[in-house]
Protein chains: 2
Amino acid sequence: MLDISMPVEAALALPPNFAGLPFSPSFVGRRRLFSPRTTIYDQDETAVPIYRLVDGCVALTHSLRDGRRQILDIIGPGRLFGLVFHEDNHCGAQALTFSQVESLGRTVDQGILDQALVLMLNRAHSLATLLGRKTAMERVSSAVFDLAQQFKRASRNPQRGAPTFNLHLTRADLGDWLGLTIETVSRCLNQLKRDKVIDFSHPEIVRVLDTDRLQAMAAGGRGEVRKRRA
Amino acid sequence: MLDISMPVEAALALPPNFAGLPFSPSFVGRRRLFSPRTTIYDQDETAVPIYRLVDGCVALTHSLRDGRRQILDIIGPGRLFGLVFHEDNHCGAQALTFSQVESLGRTVDQGILDQALVLMLNRAHSLATLLGRKTAMERVSSAVFDLAQQFKRASRNPQRGAPTFNLHLTRADLGDWLGLTIETVSRCLNQLKRDKVIDFSHPEIVRVLDTDRLQAMAAGGRGEVRKRRA
DNA sequence: CGGGAGATTGAGCATTTTCAATCGGTGTGG
DNA sequence: CCACACCGATTGAAAATGCTCAATCTCCCG
C-alpha cells in the first residue's frame, strides 16, 4: 500500500463523478491528500478553512477530556466541512481512508454554504434521534443504510442489484459513531448477515441484500407502537 | 390558571432583558402567545417562517413513527428557530410553557441567521456527544447546567448566589431530551439533591447550590481517563 | 513462520429500563 | 369544605439491553 507521509500536497486526476452538492465552478482551490487515520484539523484548532471532500471518507469527531470519543458525522464525497460550522472550537476532522480534500478558503457562495449547513444540522439531528431513542440493531442498520447511500459504488450494477460499498469505518469507528462498543457493533453486523439483510466476507466490503428490510430495521423494525406521552 | 384557547394573537408588554442574540431593530414582526403543551409547528409542516422566542421555552422534537420521541433542542428566550433550519420537514416545535414568539418571516439578516444556525449545530453536536457517550448522571447534570444558563432568573441575587431557575420541562421531557426514562431522570435529579449540588422542593423550581461541581459532573466526574482507541 | 491489528464470540456483569406501587399537589363536583 | 380523580414525581424490585473482560480467529505483512 502507498506510503504517503502525510498531509501531502497533490494534484491528482479529476475525481470520479459523485452525487454531491452543486458548486460554482470557479472554486477549485488547492487539493491535499490525507492518509488513513490522519488528522485534517484538530478539535481545538482555529481559523480552519472550508473544505470540500473530493474523494474518500472523513469523520468529524468530538472527544471528552477523559478520552471518550463521539463521531458527529461521517462525510462522503461532495460534502463540505470545516470551521465555519463550529466557530467555537468544537470538533476535529479525521480522514478514515485516503481522502482528497479541496480547500475553498472562506469565499464560498452563501447559498451553498447554507445548504451545507442545513444538511449538517439535519444529519446531526438524525444522529441525536438515533443515539437517544434507537436500539443497537436499529443504530447499526441505520448506519449501514446511511453509508450505503453515501458510498455505494458508482461501479457496475447500474440499478437494482445488491449494491456493494466500502465500509470505511472500523468497528471501533462505528461504535464511536453509534454510541456502542466494538463488540455490540460486531454482533449486530453479524446478526444482519445471518438474517440475510447484508453480506460480507471481508469485514470492510459490505453488500446490501435487502435494502427495504434494512431501511425498515433502521426505523424501528415491525411498527409496534411504543407507549407513553400524551 | 389562564384559559387561553390557543394560538392567540397578542400584543404584550415588552419582554424583560435577556441575553440573546443581537437583532436588527427593524424586524419586529407579529407576536403570538402559545400555551404550554401546544404545537407551534408540526414535524411534517412546510413553509414555516423563522421565529424568535421572546419569552418562554420551546422544544424542538422529532418523533419516530412508532411514537418514540427525541427532543433535539430546548430553546430559551432570544434564540431563533423555524423551518429554514430544516427544509426537509424534520422536526416540530412545541411550547413547554407560555411562550411569546415573534415571527420574522423569511427576511432575516444573513449574518444573524448563520449565527443562529451555527449555534443550533453546535448544540446538536453537544447533544449527540451527550447521548452517545455520557452516563445518566452526566446527562442530567449537563441538562441542569444548560438550563440554568438559559433560564436563570435575571431576578434578585445579582451574582454569586445559588441561582434559581424554572425547570420548564417535566421529567418526561427531560427523558425525551436526554435519551433516558422518566424514572432514571428522577433518580438522578434526587441524587444531585442528596449530594447537595442542587436543591428543589417543588419539582419545577431548581436551585443550583454548587455550579462548579455541577459542571464537573456534567463533563464526566473525576477525570479518570477511559481506555481504548489509539 | 511469527507478530500485530482488527474482528468475532462467549460468559458474566452493570447500568438503565420496565413494571408496579405510592405519594403529592391540584382541580372538580357533591 | 371535603372527597375523589388525575397527573406528574418518586421509589423499589425485577428484567434486560448493552458493556466488560477474555479468549480465539483471520488477515496482512515482514
Side-chain angles (χ1 to χ4, degrees), chain A residues 1-3 36-37 67-69 96-97 130-141 143-144 166-194 198-206 217 220-221 224 226-230, chain B residues 1-3 36-37 67-69 96-97 130-141 144 166-194 198-206 220-221 224 226-230:
Chain A
M1 192 157 280
L2 291 175
D3 175 281
R37 306 279 129 202
R68 283 175 287 180
R69 187 173 85 130
L96 296 184
T97 62
L130 177 150
L131 292 170
R133 286 302 179 220
K134 289 189 181 178
T135 66
M137 275 299 285
E138 289 164 7
R139 294 182 199 195
V140 173
S141 301
V144 172
N166 194 315
L167 189 69
H168 298 297
L169 303 92
T170 65
R171 304 296 187 254
D173 292 328
L174 282 168
D176 284 344
W177 189 24
L178 304 176
L180 300 170
T181 59
I182 295 176
E183 296 90 332
T184 301
V185 170
S186 178
R187 277 185 254 267
C188 290
L189 244 17
N190 285 84
Q191 183 63 50
L192 286 174
K193 186 176 171 181
R194 276 191 294 279
I198 64 173
D199 193 30
F200 58 92
S201 46
H202 187 74
E204 292 274 304
I205 310 293
V206 177
M217 304 209 64
E224 321 145 355
R226 309 233 170 173
K227 64 293 196 56
R228 170 138 358 107
R229 184 128 298 281
Chain B
M1 189 160 282
L2 292 175
D3 174 281
R37 307 279 128 202
R68 283 175 286 180
R69 188 172 84 131
L96 296 185
T97 62
L130 176 149
L131 292 170
R133 286 302 180 219
K134 289 189 179 178
T135 65
M137 276 299 285
E138 289 165 7
R139 294 182 199 195
V140 172
S141 302
V144 173
N166 194 316
L167 188 68
H168 298 297
L169 303 94
T170 66
R171 305 296 187 253
D173 292 329
L174 283 168
D176 284 344
W177 190 25
L178 305 177
L180 300 171
T181 59
I182 296 176
E183 296 90 331
T184 302
V185 170
S186 178
R187 279 184 253 268
C188 291
L189 244 17
N190 285 83
Q191 183 62 50
L192 285 175
K193 186 177 173 180
R194 277 192 294 280
I198 65 174
D199 193 30
F200 58 91
S201 44
H202 187 73
E204 291 274 305
I205 310 294
V206 177
E224 321 145 356
R226 309 233 170 173
K227 63 296 196 52
R228 171 138 357 106
R229 183 129 296 282

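Note that the structure is a prediction, hence the values are computed from the model and not measured. Proteins come first, then strands; the chains are lettered A, B, ... in the order of their sequence lines, and each starts at number 1.
In this structure, B:His202 reaches neither bases nor backbone, as no heavy-atom distance under 4.0 Å exists between it and the strands shown. Within the nucleic acid shown, B:Gly175 has no heavy atom closer than 4.0 Å to any nucleic acid atom.
Per the geometry, CZ belonging to A:Arg37 stands 11 Å off C1' belonging to C:dG6, to the nearest Å. For the pair A:Leu180 CG and D:dT20 C1', the interatomic distance rounds to 14 Å; values are reported in whole Å. As a whole-Å value, the separation of B:Ile205 CD1 from D:dA9 P is 13 Å. Whole-Å rounding puts the A:Gln191 CD to C:dA7 C1' distance at 17 Å. D:dT10 atom P lies 10 Å from atom CG of B:Leu174, rounded to whole Å. Taking atom CG on B:Leu192 and atom P on D:dT10, their separation rounds to 12 Å, with Å as the unit. Counting to the nearest Å, the P atom of D:dG8 and the CG atom of B:Leu169 are 13 Å from each other. Summarising the geometry, the separation between CD1 on A:Ile198 and P on C:dA7 is reported as 13 Å, rounded to the nearest angstrom.
In this structure, the side chain of A:Arg171 does not engage the main chain of A:Glu183 through any donor-acceptor pair within 3.5 Å. No donor-acceptor pair under 3.5 Å is formed between the side chain of A:Ser186 and the backbone N or O of A:Ile182. Here the side chain of B:Arg133 pairs no donor or acceptor atom with the backbone of A:Arg68 at under 3.5 angstrom.
Each of C:dT16, C:dA7, D:dC19 was ranked by its minimum atom distance to the side chain of A:Glu204; first place goes to C:dA7. Closest to the B:Arg171 side chain, of the nucleotides C:dA20, D:dG18, D:dA9, is D:dA9. Side-chain atoms of A:Glu183 lie closest to C:dG10 of the nucleotides D:dG18, C:dG10, D:dT11. The side chain of B:Arg194 lies closest to D:dT11, out of D:dT11, C:dT8, D:dA9. Nearest nucleotide to the B:Asn190 side chain, out of C:dT9, D:dT11, C:dA7: D:dT11. Checking D:dT20, D:dT10, C:dT17 against the side-chain heavy atoms of B:Phe200 singles out D:dT10 as nearest.
The heavy-atom pair separating A:Ile198 from A:Leu189 by the smallest distance is CD1-O, 3.9 Å.
Put simply, A:Arg187 has no side-chain N or O that comes within less than 4.0 Å of OP1 or OP2 on C:dT9. Within the structure, a side-chain polar atom (N or O) of A:Ser186 is placed less than 4.0 Å from OP1 or OP2 of C:dT8. Side-chain N/O atoms of A:Thr181 include one lying less than 4.0 angstrom from OP1 or OP2 on D:dC19. Contact annotation: B:Thr170 side-chain N/O to D:dG8 OP1/OP2 distance is not under 4.0 Å.
For B:Thr97, there are no side chain to side chain donor-acceptor pair (under 3.5 Å) partners, not counting sequence neighbours.
Nearest-nucleotide assignment on DNA chain D puts the 5′-proximal partner with A:Lys134, out of A:Ser201 and A:Lys134.
Residues B:Phe200 and B:Asn190 meet the side-chain proximity criterion, which asks for heavy atoms closer than 4.5 Å.
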